[in-house]
Amino acid sequence: MSDGSYFAADWLALREPVDARSRVDHLNQALCAWLADRRRPVTVLDLGAGSGSNLRYLAPRLSLPQQWTLLDHDADLLERARDALPPTGEPLEVMTRLDDMGRWSQAPQVLDAWLDGVDLVTASALLDLVSQSWVETLAAAVATRQAAVLIALSVDGDWWLETTAAQPEEAARRRREDQWMRRHYRAHQASDKGAGTALGGQAPEAMATALRANGYRVEVAESPWRLEAPRDLALGEALLEGWRDAVSEQEPHAMETVRHWHAARRASWQRGELVIRVGHRDLLALPATWGAAHG
Ligand SMILES: C[S@@+](CC[C@H](N)C(=O)[O-])C[C@H]1O[C@@H](n2cnc3c(N)ncnc32)[C@H](O)[C@@H]1O
């Protein structure tokens, strides 16, 4: 398992409010309509649940009795999730399962056991880490159970830094530098993060295609982050640092260029002269047979 699949609790806490304000609400409503037909409590499996951000966002919005299993390979994050359950106004049972999703590529029956009796498979901020075979195995397995799938906040590989203060020539130079960084960052994303060669920004489309091939009606909607200082100062700094570190690892010979890029963008960000946008996608998939019956 590569270190790229472990995440700091501080990073997840920083992104949680921004994730919540970026998610696409009409997908929750379509999901609620589908869940209304299911027996109570509805059972939910949260893959790569981390410290429980997806649970805290989604459980109060489902407004019905729920039983969640949070699956992750990081025991410390799962403990944090157990310590911060959301108020829902409905019965909520939460279990945690310490396990490695990489296991199902060797033994698909592992996934079958996890999915037993599950109504909804969900995940957030996970999909860029996974491989094509992970996506295909999951799509086939959920289809045998006719479970719903809601996968939120998958990065699509795009980010932009909009400069509010630079002259046109300076802004054009910065855009070229950002493009160079983005290209190498994407190459870095497409490395093995523990579940095979990672799909990176291609993952939302790959997941949608696999689910459609298994008889699902799929909607993919944009859920971009839009960050401004000072409100999102710490998250923006963490992102700039993350891009710097990833590209330095990817292009070690260009360390000085990357360091210079980072110092200049960080200074602009701290002065409030940048808007940072990061592309994400939310995906909802429901069995097509249900869609046909409900118009
Ligand atoms: C970016 S975090 C997202 C966490 C949470 N869903 C959220 O939105 O805050 C990705 C999560 O996937 C988990 N993860 C990554 N690879 C995994 C694997 N092979 N098996 C189990 N969990 C994994 C990490 O431990 C981490 O908690």
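Ligands are counted one by one from 1 in listed order, and the atoms in each one are counted from 1 as well. We number each residue from 1, following the sequence as shown.
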Q: Are any of the side-chain heavy atoms of Leu62 and Leu31 separated by less than 4.5 Å?
A: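 Yes, at least one pair of side-chain atoms sits under 4.5 Å.
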Q: Out of Leu55, Asp72, Asp19, who is nearest to atom 26 (C) of ligand 1 when you count heavy atoms only?
A: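 Among Leu55, Asp72, Asp19, the closest heavy atom to atom 26 (C) of ligand 1 comes from Asp72.
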Q: Using a strict 4.0 Å cut-off to heavy atoms of Gly102, name the atoms of ligand 1 that fall inside it.
A: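 Contacts of ligand 1 toward Gly102, numbered from 1: 19 (N).
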Q: Strictly under 4.0 Å, does any heavy atom of Asp99 approach an atom of ligand 1?
A: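 Judged by the 4.0 Å heavy-atom criterion, Asp99 does count as contacting ligand 1.
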Q: May I ask you to list the atoms of ligand 1 that are less than 4.0 angstrom from any heavy atom of Leu77?
A: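 Counting from 1, the qualifying ligand atoms are 27 (O).
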Q: Who's closest to atom 5 (C) of ligand 1 heavy-atom-wise, of Ala49, Ser53, Ala125?
A: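 Among Ala49, Ser53, Ala125, the closest heavy atom to atom 5 (C) of ligand 1 belongs to Ala49.
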Q: Keeping the roles fixed (side chain from Arg23, backbone from Leu153), state whether a donor-acceptor pair exists under 3.5 Å.
A: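 No, the answer is negative, given that no donor and acceptor are paired below the 3.5 Å cut-off.
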Q: May I ask which of Asp100, Val155, Leu129, Leu126 has a heavy atom nearer to atom 19 (N) of ligand 1 than the others do?
A: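 Result: the heavy atom closest to atom 19 (N) of ligand 1 is in Asp100.
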Q: Taking the side chain as C-beta and beyond, is there a heavy-atom pair between Trp68 and Val42 under 4.5 Å?
A: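 Contact flag for Trp68/Val42 side chains = no.
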Q: So, is Arg15 polar-close to ligand 1, with some N/O to N/O distance under 3.5 Å?
A: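 So ligand 1 has no N or O lying under 3.5 Å from an N or O of Arg15.
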Q: Yes or no: does Phe7 have any heavy atom under 4.0 Å from an atom of ligand 1?
A: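 Checking ligand 1 against Phe7, which is what was asked, there is a heavy-atom contact under 4.0 Å.
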Q: Can a donor-acceptor pair be found between the side chains of Ser223 and Arg281 at a distance below 3.5 Å?
A: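 Per modelled atom types, Ser223 and Arg281 side chains form no pair under 3.5 Å.
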Q: Does ligand 1 have a heavy atom under 4.0 Å from the side chain of Leu12, from its backbone, from both, or from neither?
A: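 Leu12 to ligand 1: side-chain contact only, backbone stays beyond 4.0 Å.
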Q: Can you name the atoms of ligand 1, numbered from 1 with element, that are less than 4.0 Å from a heavy atom of Ser5?
A: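 Answer for ligand 1: 14 (N), 15 (C), 16 (N), 24 (C), 25 (O).
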Q: Any donor-acceptor pair under 3.5 Å linking the side-chain atoms of Thr122 with those of Asn54?
A: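 Yes, because at least one side-chain N or O of Asn54 sits under 3.5 Å from a partner of the opposite role on Thr122.
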Q: How about Trp261 and Trp180: are their ring centres within less than 6.0 Å of each other?
A: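 When the ring centroids of Trp261 and Trp180 are compared, they turn out to be at least 6.0 Å apart.
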Q: State whether Trp159 and Arg182 meet the cation-pi test: NZ (Lys) or CZ (Arg) under 6.0 Å from the six-membered ring centroid, and within 45° of the perpendicular axis.
A: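 The answer is yes; both the distance and angle limits are met.
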